[in-house]
Protein chains: 4
Amino acid sequence: MADKHAPDATRRSQRSRLAICEAALSLVAESGYDRLTVEGIAARAGVGKQTIYRWWPSKGAVLLDAFTETMVAGEWALPDTGDLAADLKTVLRATVDEFADPGFHAPYRALYVAMADDAELAAGFTAKVLEPGARAYAERIRAAQACGQADPGCDARLAAEALLAPFAQRWLMRNQPLSHAFTDSLVDLVLAGLRPRG
Amino acid sequence: MADKHAPDATRRSQRSRLAICEAALSLVAESGYDRLTVEGIAARAGVGKQTIYRWWPSKGAVLLDAFTETMVAGEWALPDTGDLAADLKTVLRATVDEFADPGFHAPYRALYVAMADDAELAAGFTAKVLEPGARAYAERIRAAQACGQADPGCDARLAAEALLAPFAQRWLMRNQPLSHAFTDSLVDLVLAGLRPRG
Amino acid sequence: MADKHAPDATRRSQRSRLAICEAALSLVAESGYDRLTVEGIAARAGVGKQTIYRWWPSKGAVLLDAFTETMVAGEWALPDTGDLAADLKTVLRATVDEFADPGFHAPYRALYVAMADDAELAAGFTAKVLEPGARAYAERIRAAQACGQADPGCDARLAAEALLAPFAQRWLMRNQPLSHAFTDSLVDLVLAGLRPRG
Amino acid sequence: MADKHAPDATRRSQRSRLAICEAALSLVAESGYDRLTVEGIAARAGVGKQTIYRWWPSKGAVLLDAFTETMVAGEWALPDTGDLAADLKTVLRATVDEFADPGFHAPYRALYVAMADDAELAAGFTAKVLEPGARAYAERIRAAQACGQADPGCDARLAAEALLAPFAQRWLMRNQPLSHAFTDSLVDLVLAGLRPRG
DNA sequence: GTCTAAACGAGACGGTACGTCTAGTCTTAAA
DNA sequence: TTTAAGACTAGACGTACCGTCTCGTTTAGAC
């Protein structure tokens, strides 16, 4: 029936919305997700708590909005120089560098945490961040398959996961170095599995 | 120098320790990690809160102890029938089935969450759970390399990660099915990358 | 300088305030001061603990507020029939009777306890309860001095204390009966000291 | 019936007993009664908690023992120079001075507190400390009555209370000075009530 | 250009859980 | 058997946030 009182989005204060997103990102970068509180965000943003609860269901949702808006530029296509291995290595090296910035990896890690307990947020994070990334990799691999650089019988999507998941895992665990050498080897391993078969 | 007052471990009550572990596991299976509280554990275990705080630094650490003790049998060697692909598929299918049990995957997921915010716990979880698993896979792959079933030039450890991480990722995200077909394909993909090169 | 964050008294919930006072009085009457807890008051009042800590610094302060509001009618003048001895005896007998009610003497005793360790509370209890009482006695005695019934050279305030303190002492100690006979004798003794001197 | 297991007092460690008493007195003088804890006493005395619980029912009881043993010399007779007023003033002035020492008044105040909630302790404190004092005053007054210095029709015990209680009250409340002038006036007032009647 | 309904800042409220502290009981080893 | 030591169950402490609920105060769209 009636959804509580759906607030009137046209009257929403953009000023507050931005302040909340910025506050959430800066706080999570400073102190980590478990010390991030709605009250803290409201205080830093100079905003009433209700203004947060009116527009977001949880602090995880705030973070997801803030992250996707600020961090995720929007374009997701991988470069295609004609050399699949080189392109993948280039992009993964850039990603390694990106994850060195606490302003980036702190909210990213926070979203990983929040996701595990909150299926709705997991769906959102997947749809807005993870899935587009995986799809871009799969697309690039499919292009290589199309021009004979990779075995067309292989599942491009699975190969994309085989590239991205070990990266994510190492980053999440923090127990092994996340280096260019690592991503390069990973590309080599997965691409070996994609060699066109004679 | 002195760490506060290190409690005397020889006087520790095993009765309480076990009750705490069992309570933690059952509660996390019932309600999820973010509804798991130290007070709840203490209440269900029939134990004073201080007894938990005396021996563990956080609820995540309790869960790690409880999980490794109860869930992780101890032996980690993979079967070796001589057929690498078959062996890997068998084990991964069994793991898929294992993760269908909430009594198993709930604490596992909880540890993933806790880990992301707590580097110390991450180290413990890695050392006691993830690392032994990865090592067992790498060992099996090395055995295959030794008898010519796999390219000896490949990094066995990296291949192990390429098998395990996509599995973990899908499970964590819940957005794609975690089926035998998936793990079988994954084995095929990674093993294709390990084909002995002519 | 700034007192933390002084809460906004205009928004204070009177409903909660009254419930807290009533809960404090009933609990102390039932179980005594040392079994009185802030949590217990909050629970019985149906109130969050923070609502108590926001407005009072200690359980003693709650009790003082509750007591002065409920028990202390406000008017403190002693009757003046022209007969000082009779008037004092009447009032003290009434006080003896009043102290037989646990609803009255329990919080009173509690405040005595709390006072001894808390100088601020002592000041409050003195100012709101003890001092007005002593002053009323002193005033009545001064009236008697003015009309020649008592020696004008005596310190009326000291005489008031000589009446009230032995009463308080016996009540506090519980080792001797607190009877009308006792207060009558006390009045006779002190008034003998106030006889107009020839 | 059997009283639990009455411990064997003949084997009691005097060393521990003394250490406990000293620890209790010094701690209460330093921090006040409400910060006095059994654990604190045990720690400072270098004694197990059980050793305290074995021999005393409460921290108040420890304090009473410690106080009576250390502070109350044992002899309670007031001087008798033949001049009642002078003798009383001398003794009360000395008492005023005694109460200026925190080592004395801190445990005394603590016992007042403890007493109000604990009838058993009240009986003990009364019997060992207050009552002997009151009796000594009453005795001195009776001596004066015997030699015609005071009205024999008056209740000497009541007069003693009229001297001691206002003193105790002022000390307990801390809101009025506790001076020699005050005790002198008090003696004068009460003694006026005891004047032999023509 | 008001008027008026909303979104807003602020923050009090009923609650839950935190991590700490102490009570009083129980167990162990030493003397 | 008493003692020092200290782990145990129990539960209150005072604090931090939760998410809900008023309060006036902006503020922006409809009159």
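Within every chain, numbering begins at 1; the chains are lettered A, B, ... in the order of the sequence lines, protein sequences first and strands thereafter.
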Side-chain N or O of [X] closer than 4.0 Å to phosphate OP1/OP2 of [N]:
X	N	value
D:T37	E:dC21	no
B:W55	F:dC8	yes
A:R11	E:dA5	no
D:T51	F:dA4	yes
A:S16	E:dA7	no
B:W56	E:dG19	no

_Expected output: side-chain A:R109 to main-chain A:L172 donor-acceptor under 3.5 Å_ =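 Yes; judged by distance alone, with no hydrogens or angles, the pair exists.
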*Establish, yes or no, whether a centroid distance under 6.0 Å links the rings of C:Y112 and D:Y112.*
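When the ring centroids of C:Y112 and D:Y112 are compared, they turn out to be at least 6.0 Å apart.
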*Is the closest basic N to carboxylate O distance between D:K128 and D:E69 below 4.0 Å?*
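No, D:K128 and D:E69 are not salt-bridged.
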*Walk me through it: do C:Y108 and C:Y33 pass the test ring-ring contact (aromatic ring centres under 6.0 Å, His included)?*
CA-CA 10 Å; C:Y108 203 100; C:Y33 185 62; over 10 Å; no
If you take atom types as modelled and just measure distance, does the side chain of [X] reach the base of [N] with a donor-acceptor pair under 3.5 Å?
X	N	answer
C:K49	F:dG14	yes
B:Q50	E:dC21	yes
C:R12	E:dA12	no

*Want to settle it: does B:V47 or D:A45 sit nearer the 5' end of DNA chain F, counting the closest nucleotide to each?*
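Nearest-nucleotide comparison on DNA chain F picks D:A45.
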*Which comes earlier along DNA chain F counting from the 5' end, the contact point of C:P57 or that of B:G48, where each point is its nearest nucleotide?*
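That would be B:G48.
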_Nucleotide of E:dA12, F:dC8, F:dC18 approaching A:Y53 most closely (side-chain heavy atoms)_ =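 That would be F:dC18.
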*Kindly point out which of E:dA23, F:dC17, F:dC13 is positioned nearest to the side chain of A:E39?*
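Selected nucleotide (nearest to the side chain): F:dC17.
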_Using a 4.0 Å heavy-atom cut-off, does D:G46 contact any base of the nucleic acid, only the sugar-phosphate backbone, or nothing at all?_
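Sugar-phosphate only.
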*Within 45° of the six-membered ring axis of B:W55 and under 6.0 Å from that ring's centre, is NZ or CZ of B:R12 located there?*
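Verdict for B:W55: a cation-pi partner in B:R12.
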*Let me know, please, whether C:A9 or B:R35 comes out on the 5' side of the other along DNA chain E by nearest nucleotide.*
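Its nearest nucleotide being more 5', the pick is C:A9.
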